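Input: a single structure, listed below in structure tokens.
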Amino acid sequence: MSIPLKHFKKGTPKPKLPEDGVLRLYLMRFCPYSERAALVLAAKQIPHHKIYIDLSEKPEWYTDYSPLGKVPAIQLTAVDGQPALVESLVIAEYLDEQYPGRSLFPADPLQKAQDKILIERLAPAVSAVYPVLFTKNPPADALPNFEQALDVFEQELTKRGTPYFGGQQIGMVDYMIWPWFERFPALKFVHADKYELDKTRYAKLLRWVELVAQDEAIKQTALDSQVHAKFMATRQAGEPNYDVAFEAV
Ligand SMILES: N[C@@H](CCC(=O)N[C@@H](CS)C(=O)NCC(=O)O)C(=O)O
């Protein structure tokens, strides 16, 4: 089955159910939550089709799969009306447990719980930096708040003493937080002062970024920071264009 590489919009007919029974991922190419699901699918080499959704003009049928109209969603079976799964962390954990291959979360329940807490701790950094990335007039304290929230991750790498948050190998924490670290370097293009993270304050974290960027699953899903910046400019202008993901920079 071939699904066109562009975002489905209002008026785009509902794609036929997959006759091959292959799992479907509904996503938006710039959505970091969608990327989480795409990363686990890629890391575990789970066959799937991707259907891109235009979030500013969602297809009428999209709420059949995602009741709140959010991406990501995964459709598991070829039967229409079967519930799809939503919420990136729920999807990631389900895929990790359901499919064979190396488990991305630690087996120990306590470690797993601590890893899930760590994933949640990225939220303050994300809410602080988003106005800088996506709006024209971010608050003055946005970047200091962002930096402070990121200190947690630098300290955690020091505490764990491993190259990845997952240990000696890339794991679920790495995949779940990566999509934002892929977007932060776009600050260099969208911030007037060409902002970059301090190389001393975030020495371990920046090494981690370089290391994780080499991972095969990440290479398959990641977009260049200039492409992110191009999309951010369309958002800042109030006219998000998701299809710039498929254009050359
Ligand atoms: N908690 C959700 C958040 C998903 C989310 O907010 N996705 C955004 C795009 S990045 C979305 O679908 N926005 C469209 C809307 O809210 O209408 C998850 O982890 O999957």
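Each ligand, and each atom within it, is numbered from 1 in the order the structure gives. Note that the structure is predicted; figures quoted are calculated from it, not measured.
Using a cutoff of 4.0 Å between basic side-chain nitrogens and carboxylate oxygens, E247 and K230 are scored as salt-bridged. With respect to the salt-bridge test (charged N to carboxylate O, under 4.0 angstrom), the residues K112 and E97 qualify. Remark: E93 engages K116 in a salt bridge, criterion side-chain N to carboxylate O under 4.0 Å.
Aromatic ring centres of Y52 and Y26: separated by at least 6.0 Å.
Residues passing the ring-ring contact (aromatic ring centres under 6.0 Å, His included) test with F134 are Y130, sequence neighbours excluded.
Among all protein heavy atoms, the one lying closest to atom 4 (C) of ligand 1 is V71 O, 3.3 Å. If you check which protein heavy atom lies closest to atom 19 (O) of ligand 1, you get S88 OG, 2.6 Å. The nearest heavy-atom contact from the protein to atom 16 (O) of ligand 1 is K70 NZ, 3.2 Å. Among protein heavy atoms, atom 9 (C) of ligand 1 sits closest to C31 SG, 3.4 Å.
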Note to self: The test is ring pair (Phe, Tyr, Trp, His ring centres under 6.0 Å); show your working for F146 and F184 and say whether it passes.
What the structure shows: CA-CA 10 Å; F146 166 62; F184 297 153; 4.8 Å; yes
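Looking at K58 against ligand 1, only its side chain comes within 4.0 Å, counting heavy atoms. Looking at L55 against ligand 1, only its side chain comes within 4.0 Å, counting heavy atoms.
For the pair E87 and ligand 1, a heavy-atom separation below 4.0 Å is found.
Proximity to P72 (heavy-atom distance under 4.0 Å) selects the following atoms of ligand 1: 20 (O).
There is no side-chain donor-acceptor pair under 3.5 Å between D215 and W178.
Here's the thing with R36: none of its N/O atoms is less than 3.5 angstrom from an N/O atom of ligand 1.
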